[in-house]
Amino acid sequence: MLVTVLVFCFATLIILPPSPTTCTASSFSSPSVSALFAFGDSTVDTGMNNGLSIPLYKCNHPPYGKDLPGQVPTGRYSNGKIGADFMASNLGLKEDLLPSYLDPKLTDLDLLTGVSFASGGCGLDDLTLQLTQVYSMEDQLEYFDEAVERIKTSVGEKNGSEIVENALFVVGVGTNDLILNVYDFPLTQRKSQFTSIDQYSDFLLQKLGSFIQALYSRGARRFMVVGFPPIGCLPLQQTLGGIINLRRRVCITQQNIDCQTYNSKLQALLSSLQTTLLPSSRLLYYDIYNPMIDMFNNPDKYGFVQVSEGCCGTGLVELGLLCSRFSRTCPDASKYMFWDTVHPTEVAFSVVVDYNQKTVLQFLN
């Protein structure tokens, strides 16, 4: 089964705010943010997978990109912009879209203000990468090292180091690991190895902490780390759950509880890293759970007519390769929360980013 997963954009600060006089939400577009670098999975992938030989985890084909200028499928897992695009634009770093690092049109000037290294289908668990065959978090680090060398060649060692130090590093990853190794397959190695999802979450968080420390050792100082969404409410999970629930499409409660538990542990991890291991750092937690569950529970508030099915195809199983040029799409994607059975529409992405700007971004500096 094709499963590519979202950990889409961003939202609520829980940890360690600075003094109230530091800044306000309206000052988020501060020029002190030099660039945006994104790492992780399909949530922030803006086209890294386009050149992969295996097609399962690529979306550079119609109807993806249906609502972008020229209806061009760029490799974003949505009908239009994703959260990283809105964030880069709100920061004043990009006029429109955040490019992927492997975009053949990327220039050294583009690179100075940020790119995405994220790869749809990526996870923290090596077993996830064995299944998906996409760019790992280690691969993304290697590409970042290459990018930094390009930046320093372009603007000099000192200026290049300052760009990295003043950049915002967005990390969104982990949901694929739960779906592929725990939820959607009855027999997996991780189910045999770990006696509970709680133990597996600790395993993932240890790997995430190591990745953040690896970025810190390369000069990163400001991080936004994305928590889990309510996985049990994703259309794909509702479809699979309906097999057990006699075709009733409802959120899977236990999966959502698991996500909340993970998110609480993530907040504690970020607080610990900031206070004990990573001096002069700022680690912010993005709670995507609350804005997403609010959209699901109050669709009228956001103008949605459908929150349990995707806009592409039947809305029950389609994503990635299965959401193809031959798939019908809903007449108006802005009325849908999800574009395919895992990834949100441009409108849903924008809702979450707007929520972030009101709650998290004032604590960035």
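By convention here, the first residue in the shown sequence is residue 1.
Remark: the backbone N or O of A167 is paired with a side-chain donor or acceptor of S34 at under 3.5 angstrom.
Within the 4.5 Å cutoff, side-chain heavy atoms of V305 are placed close to those of Y336. L269 has its side chain out of reach of K265: every pair of non-hydrogen atoms, C-beta onward, lies at least 4.5 Å apart. Using a 4.5 Å cut-off on side-chain heavy atoms (C-beta onward), Y77 and D45 make contact. Between L52 and Q133, every side-chain heavy-atom pair lies at or beyond the 4.5 Å cut-off. I252 is not listed as a side-chain neighbour of L240, based on a closest heavy-atom distance of 4.5 Å or more. The side-chain heavy atoms of T341 and L234, taken from C-beta on, include no pair separated by under 4.5 Å. At a threshold of 4.5 Å between non-hydrogen side-chain atoms, the residues P99 and K105 do not count as touching.
With rounding to the nearest 0.5 angstrom, the CG atom of L141 is 5.5 Å from the CG atom of L215. For the atom pair OG (S154) and CG (L109), the distance works out to 7.5 Å, reported to the nearest 0.5 Å. Here the CE-CG distance, from M137 to D41, works out to 8.0 Å after rounding to the nearest 0.5 Å. Atom CG in D340 sits 9.0 Å away from atom CD in E318 (nearest 0.5 Å). Of the inter-residue distances, the one linking D184 atom CG with L178 atom CG reads 10.0 Å to the nearest 0.5 angstrom. Note that CH2 of W339 and CD of E346 are 11.0 Å apart. Values are rounded to the nearest 0.5 Å.
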Handout entry: Evaluation steps, salt bridge (charged side-chain N to carboxylate O under 4.0 Å, His left out), between K301 and D294
Key = CA-CA 9 Å; K301 177 180 174 181; D294 191 56; 2.9 Å; yes
Practice task
Check the pair V134 / C122 against side chain to side chain contact (heavy atoms under 4.5 Å, CB included), numbers first and verdict last.
Solution key: CA-CA 6 Å; V134 299; C122 182; 4.2 Å; yes
Practice task
Report the C-alpha distance between Y285 and V225 in whole Å, list the side-chain angles of each, state the deciding distance to 0.1 Å, and finish with yes or no for side chain to side chain contact (heavy atoms under 4.5 Å, CB included).
Solution key: CA-CA 5 Å; Y285 166 73; V225 184; 5.8 Å; no
Handout entry: side-chain hydrogen bond (donor to acceptor under 3.5 Å, both in side chains) between S210 and Q206, worked out
Key = CA-CA 6 Å; S210 295; Q206 187 277 327; 3.3 Å; yes
Handout entry: Intermediate values then yes/no, side chain to side chain contact (heavy atoms under 4.5 Å, CB included), Q237 and V342
Key = CA-CA 9 Å; Q237 298 307 98; V342 166; over 6 Å; no
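Taking each heavy atom of D85 and L98 in turn, the nearest pair found is OD1-N, 2.8 Å. R76 and L97 make their closest contact through NH2-CB, 3.3 Å (heavy atoms, listed as atom of the first residue, atom of the second, distance). Listed here is the closest heavy atom pair of C233 and I293: SG-CD1, 3.9 Å. Residue L284 comes nearest to R282 through the heavy atom pair CD2-CD, 3.6 Å, listed as atom of the first residue, atom of the second, then distance. A pairwise comparison of heavy atoms in L204 and G174 identifies CD1-O, 4.3 Å as the closest pair.
For residues 108-164, every residue pair satisfying the ring-ring contact (aromatic ring centres under 6.0 Å, His included) rule, not counting sequence neighbours, is listed here: F37-F144, F39-F117, F39-F144, Y101-F117, Y101-Y143, F117-F144, Y135-Y143, F144-F169.
For S201, the side-chain contact (heavy atoms from CB on, under 4.5 Å) partners at least two apart in sequence or on another chain are I197, Y262. Remark: E309 pairs with R249, Q306, L316 by the side-chain contact (heavy atoms from CB on, under 4.5 Å) rule, at least two apart or across chains. In this structure E165 satisfies the side-chain contact (heavy atoms from CB on, under 4.5 Å) test together with R221, sequence neighbours excluded. For K158, the salt bridge (Lys or Arg N to Asp or Glu O under 4.0 Å) partners two or more places apart in sequence, or in a different chain, are E162.
Tested against F296 for a side chain to side chain contact (heavy atoms under 4.5 Å, CB included), the candidates P229, P291, P230, C251 yield a single pass: C251.
Classification of D108 and R150 as a salt-bridged pair holds, one side-chain N sitting under 4.0 Å from a carboxylate O. A salt bridge between D96 and K81 is present, with a side-chain N of the basic residue lying under 4.0 Å from a carboxylate O of the acidic one.
The 12-atom threshold is exceeded at NZ of K152, counting heavy atoms of other residues, nucleotides or ligands nearer than 6.0 Å.
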Distance-only check: which donor-acceptor pairs under 3.5 Å involve side-chain atoms of residues 326-333, not counting sequence neighbours?
from : atom 1 : to   : atom 2 : distance (Å)
S327 : OG     : L322 : O      : 3.4
S327 : OG     : S324 : N      : 3.0
S327 : OG     : S324 : O      : 3.3
R328 : NH1    : G313 : O      : 3.2
R328 : NH2    : G313 : O      : 2.9
D332 : OD1    : S334 : N      : 3.1
D332 : OD1    : S334 : OG     : 2.6
D332 : OD2    : S334 : OG     : 3.2

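Classified by interplanar angle (parallel below 30°, tilted 30° to 60°, perpendicular above 60°), the ring pair Y200/F203 is parallel.
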